[in-house]
Each structure stands twice: as C-alpha cells, then as structure tokens.
Amino acid sequence: MAASDLNRVRRFFERGAFFLAKSQYPDACTNFKDALQVMPNFLPARTHLAVALAKQHKYLDAIKLLEEGRKLVPLRPDQQVEVMRLMGSICLIRQDYRAAIYYIRAARKIDPIDPKLRLLMVACHCKSSNFAEGFDLMLESARAHKV
C-alpha cells in the first residue's frame, strides 16, 4: 500500500475519531467508512465504525460489520477478544442475551482471566434471569481479586 493511501486512511480515521468524540455519529461513520474503502482490513476503523453505528441504534449493522472484519484477515488473539467483546456488548444492549453470551464465552476461551469479560458475562446472566450462574461468576471474580 502506498504511503499516500496510508496517510489518507490515517486522516479519515482521525476525523472519524474526532466526530465520534463529539457525538456526531453520522459524520464519524462517513469518515470510518472512507478509511475502510481504502484499507478494508484496518481493524480500528472497523471497531470505531461499529461503535458509531451502535450509538445510532444500528446494532445489527454494527454486528454484521464486525463479523465481516473477523473473516477478512486472521486476527491476533487480543484483536479477536476486542471484537468479540464489542459484539457481546452490542448484543447485550439489544437484549439478545444468547448472542451476547455466545460472543463473550468465545472471547473468554481466548482470555479466561480478563476481568472485564467476566463482569460482562455476569451482566448477561443476570439480565437474562440466570442469577445463579451470574452469582457464581461474581464469586469467581471476587476470589480472583482477593489479596
């Protein structure tokens, strides 16, 4: 990829991040999409675009975008966890608890000690009225942080 293309991607991404921080989600989406037009496998633009879409209540579009990104290029384990955590969070917001649990469980298989993933799973179980499993995970979390 040419240096000029990398500069364009960087500019689009930075503008998108600026608009996202200002809660100007349509403008953020436009810039992140422009970055992805030039470099489709640029994960930060994809994840930020998913956040901007989710902020506009376009949850299914956000999940579809992230799923496509998972298939474009092999992701490092930390990137896989980031993407699945984001998809799980979006599903949790949508109140699609089965899907949220699916994504978070997959992320926890890669990083079983991540406390954020554990607490996200607790939220999923409690919101889906599976309080016993949620409570067990809270106890697990408390044991993990015991000094």
Side-chain angles (χ1 to χ4, degrees), residues 1-128 130 133-134 136-138 140-145:
M1 179 170 281
S4 63
D5 286 342
L6 291 174
N7 285 333
R8 286 178 53 219
V9 168
R10 191 186 85 242
R11 280 195 310 272
F12 287 136
F13 179 77
E14 288 173 357
R15 267 188 281 185
F18 171 81
F19 287 125
L20 184 61
K22 297 289 185 183
S23 300
Q24 296 174 358
Y25 305 121
D27 292 328
C29 287
T30 298
N31 282 281
F32 292 135
K33 286 177 184 176
D34 288 344
L36 290 172
Q37 285 290 336
V38 179
M39 191 177 191
N41 60 349
F42 185 51
L43 187 62
R46 192 168 292 275
T47 56
H48 283 69
L49 175 55
V51 169
L53 289 169
K55 293 285 188 175
Q56 297 176 86
H57 307 284
K58 297 178 181 178
Y59 306 118
L60 294 178
D61 292 340
I63 291 169
K64 181 180 174 189
L65 177 78
L66 293 170
E67 280 290 353
E68 288 171 0
R70 288 176 60 194
K71 295 172 184 159
L72 274 178
V73 293
L75 299 177
R76 296 186 320 260
D78 62 316
Q79 292 172 322
Q80 290 177 13
V81 168
E82 176 187 358
V83 168
M84 286 186 284
R85 178 187 296 132
L86 184 53
M87 286 191 291
S89 298
I90 292 168
C91 289
L92 185 60
I93 292 167
R94 293 187 67 231
Q95 299 179 354
D96 184 353
Y97 304 122
R98 286 179 51 179
I101 289 169
Y102 169 82
Y103 288 121
I104 296 164
R105 189 171 283 149
R108 289 193 76 207
K109 284 182 182 175
I110 298 168
D111 189 356
I113 62 172
D114 185 328
K116 291 178 186 176
L117 288 173
R118 187 181 304 124
L119 293 177
L120 199 53
M121 187 64 90
V122 168
C124 287
H125 286 303
C126 289
K127 286 183 177 273
S128 65
N130 188 353
E133 195 154 345
D136 289 345
L137 280 171
M138 283 194 291
E140 179 185 319
S141 185
R143 284 188 214 111
H145 287 90

Do Asp136 and His125 come within less than 4.5 Å of each other through their side chains, counting heavy atoms only? no
Check whether any side-chain heavy atom of Tyr97 sits under 4.5 Å from a side-chain heavy atom of Asn130, and report yes or no. no
Residues 13-26, side-chain donor-acceptor partners within the protein, below 3.5 Å, at least two apart:
residue	atom	partner	partner atom	Å
Glu14	OE2	Arg10	NE	3.4
Ser23	OG	Tyr25	OH	3.3

Would you mind checking if Arg76 and Asp78 are paired as a salt bridge, meaning a charged N to carboxylate O distance below 4.0 Å? yes
Closest approach of Pro44 and His48, non-hydrogen atoms and distance? O-ND1, 2.7 Å
Quick check for you: to the nearest 0.5 Å, what is the distance between Leu49 atom CG and Phe32 atom CZ? 7.5 Å
To the nearest 0.5 Å, atom CG of Leu66 lies from atom CG of Asp61 at 11.0 Å
To the nearest 0.5 Å, atom CD of Glu133 lies from atom CE of Met121 at 7.5 Å
Nearest atoms (heavy-atom pairs only) where Gly88 meets Ile104: CA-CG1, 4.0 Å
Heavy-atom nearest pair, Ala62 first then Ile90, reads CB-CD1, 3.8 Å
State whether Asp5 and Arg8 are salt-bridged, where the test is any N-O pair (Lys NZ or Arg NE/NH1/NH2 against Asp/Glu carboxylate O) under 4.0 Å. yes
Asp111 side-chain N/O to Ala107 backbone N/O, donor-acceptor pair under 3.5 Å: no
Intermediate values then yes/no, salt bridge (Lys or Arg N to Asp or Glu O under 4.0 Å), Arg85 and Glu82: CA-CA 5 Å; Arg85 178 187 296 132; Glu82 176 187 358; over 6 Å; no
On a heavy-atom basis, the closest approach of Arg46 and Leu65 is NH1-O, 3.1 Å
Kindly compute the distance separating CG (Leu120) from CE (Met84), expressed to the nearest 0.5 Å. 12.5 Å
One thing to verify: whether Glu67 and Arg70 come together as a salt bridge, which I'm taking to mean a side-chain N less than 4.0 angstrom from a carboxylate O. yes
Evaluate His57 against Ile93 for side chain to side chain contact (heavy atoms under 4.5 Å, CB included), listing each step before the verdict. CA-CA 9 Å; His57 307 284; Ile93 292 167; over 6 Å; no
Is the OH atom of Tyr59 crowded by more than 12 outside heavy atoms at less than 6.0 Å? yes
Atom CG in Leu92, atom NZ in Lys127: separation rounded to 0.5 Å? 6.0 Å
For the residue pair Gln56 and Cys29, what are the closest heavy atoms and their distance? NE2-SG, 3.1 Å
Rounded to the nearest 0.5 Å, what's the gap from CD on Glu140 to CD1 on Ile113? Could you check? 11.5 Å
Could you walk me through whether Leu43 and Asn41 satisfy the side chain to side chain contact (heavy atoms under 4.5 Å, CB included) test, starting with their C-alpha distance in whole Å, then the side-chain angles of each, then the deciding distance to 0.1 Å, before giving a yes or no? CA-CA 6 Å; Leu43 187 62; Asn41 60 349; over 6 Å; no
Can you see which heavy atom on Cys126 is nearest to which on Gly134, and at what distance? SG-CA, 4.2 Å
